[in-house]
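Here is the structure we will look at.
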Amino acid sequence: TAFGSIGNSVLFGLAKQLNEHTSSYMTYSIADSRTDGKTSTTAFGSNTTIAKDAKLNTERQFVTSDQRGVYTSNLMGLDYQLNPRTSLLVTYQRNEAQADPNLIASFPRESISGNISYVKPDKLKVYTKNELRTDTNHSRQVLTDTSIELKLTSDIFLFGEYEYSLSRTL
């Protein structure tokens with residue numbers, strides 16, 4: 001559950017380990033935010049270990065939003081542990097929305113993203129995500145999000161985050 005000045009949300013979920021390599025889950029979330037309005041999302045997904053250091057993640061989402069309409073989204077990602085402190089995640093996502101100029105971002109969209117994270121326990125956390133989105137209304141968007149958390153003492157953390165987005169209509 002999250003509450004704040006930008007919006008509120010709650011998430012429920014169930015997970016089941018199917019065998020030593022595969023787990024599946026179902027989540028249901030309700031959110032009310034300034035940007036998306038009232039939204040409910042039901043998601044079904046699975047995580048499968050495909051190698052000692054690699055997992056394949058898949059998810060299908062069913063979304064209803066008063067600002068963005070009704071749509072589905074499919075995700076597939078590969079999470080690879082490069083070493084004990086560094087991981088790489090590559091994700092492909094396709095939103096299947098009906099184009100409606102009266103709704104916010106209601107065009108079908110494809111996106112691909114790459115995340116790299118580094119964690120040195122009790123010292124440092126670094127995360128960066130870069131994403132490219134393409135909509136069927138011929139717009140492209142590039143996003144980046146980078147954050148750093150440095151633990152100075154057991155009670156004091158230094159945190160910084162940089163987000164950037166550039167959109168173009170072709």
Side-chain angles (χ1 to χ4, degrees), residues 1-15 17 21-61 63 65 67-68 73-95 104-105 109-134 140-167:
T1 303
F3 300 98
S5 60
I6 296 175
N8 306 310
S9 66
V10 64
L11 176 108
F12 302 96
L14 299 168
Q17 190 71 35
H21 300 292
T22 304
S23 64
S24 65
Y25 61 90
M26 189 279 306
T27 61
Y28 179 73
S29 66
I30 301 168
D32 187 1
S33 72
R34 286 188 203 165
T35 54
D36 292 336
K38 294 180 180 166
T39 304
S40 66
T41 305
T42 303
F44 300 92
S46 67
N47 300 305
T48 304
T49 302
I50 58 174
K52 183 182 128 211
D53 297 325
K55 287 185 181 177
L56 180 67
N57 311 305
T58 59
E59 183 173 286
R60 179 147 174 104
Q61 299 176 346
V63 182
S65 168
Q67 297 289 324
R68 298 180 189 264
S73 182
N74 297 299
L75 295 93
M76 182 170 19
L78 179 63
D79 191 351
Y80 183 71
Q81 193 72 35
L82 298 171
N83 60 49
R85 294 184 177 166
T86 310
S87 66
L88 171 68
L89 173 63
V90 177
T91 304
Y92 169 78
Q93 180 177 3
R94 178 171 176 81
N95 288 353
I104 299 170
R109 170 186 291 162
E110 293 187 44
S111 64
I112 187 161
S113 64
N115 307 17
I116 297 175
S117 62
Y118 175 84
V119 177
K120 186 174 182 181
D122 294 325
K123 277 288 184 201
L124 177 70
K125 294 179 186 176
V126 179
Y127 168 86
T128 188
K129 175 182 181 181
N130 295 291
E131 182 172 336
L132 172 65
R133 297 177 180 171
T134 305
R140 290 206 165 78
Q141 185 176 21
V142 176
L143 302 103
T144 186
D145 182 7
T146 302
S147 64
I148 298 172
E149 181 181 302
L150 179 62
K151 187 173 186 179
L152 301 175
T153 69
S154 61
D155 297 326
I156 300 174
F157 293 85
L158 181 62
F159 179 80
E161 183 172 25
Y162 173 75
E163 294 178 341
Y164 178 76
S165 173
L166 175 66
S167 298

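Side-chain atoms are counted along with the backbone in the values below, which use heavy atoms only and exclude waters and symmetry mates.
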Do Tyr127 and Glu149 get their side chains close enough for a donor-acceptor pair, meaning under 3.5 Å?
no
Rounded to the nearest 0.5 Å, how far does OG1 of Thr146 lie from CD of Glu161?
8.5 Å
What I want to check is whether the side chains of Asn83 and Gln81 have a donor and an acceptor closer together than 3.5 Å.
no
Any Lys/Arg nitrogen of Asp122 or Lys151 sitting under 4.0 Å from an Asp/Glu carboxylate oxygen of the other?
yes
Taking Ile50's backbone N and O only, do any of them form a donor-acceptor pair with Thr48's side chain (distance below 3.5 Å, no angle check)?
no
To the nearest 0.5 Å, how far apart are CG in Leu89 and OH in Tyr80?
14.0 Å
Ignoring hydrogens and geometry beyond distance, is a side-chain donor-acceptor pair present between Gln141 and Ser165 at under 3.5 Å?
yes
So which heavy atom on Ala54 is nearest to which on Leu78, and how close?
CB-CD1, 4.3 Å
Return the minimal non-hydrogen interatomic distance between Thr58 and Tyr25, and the atom names on each side.
O-OH, 3.9 Å
Met26 CE: over 12 foreign heavy atoms closer than 6.0 Å:
yes
Minimal non-hydrogen separation, Thr39 against Ser65, with atom names
OG1-OG, 3.4 Å
Answer yes if the side chains of Arg60 and Asn74 hold a donor-acceptor pair under 3.5 Å, and no otherwise.
yes
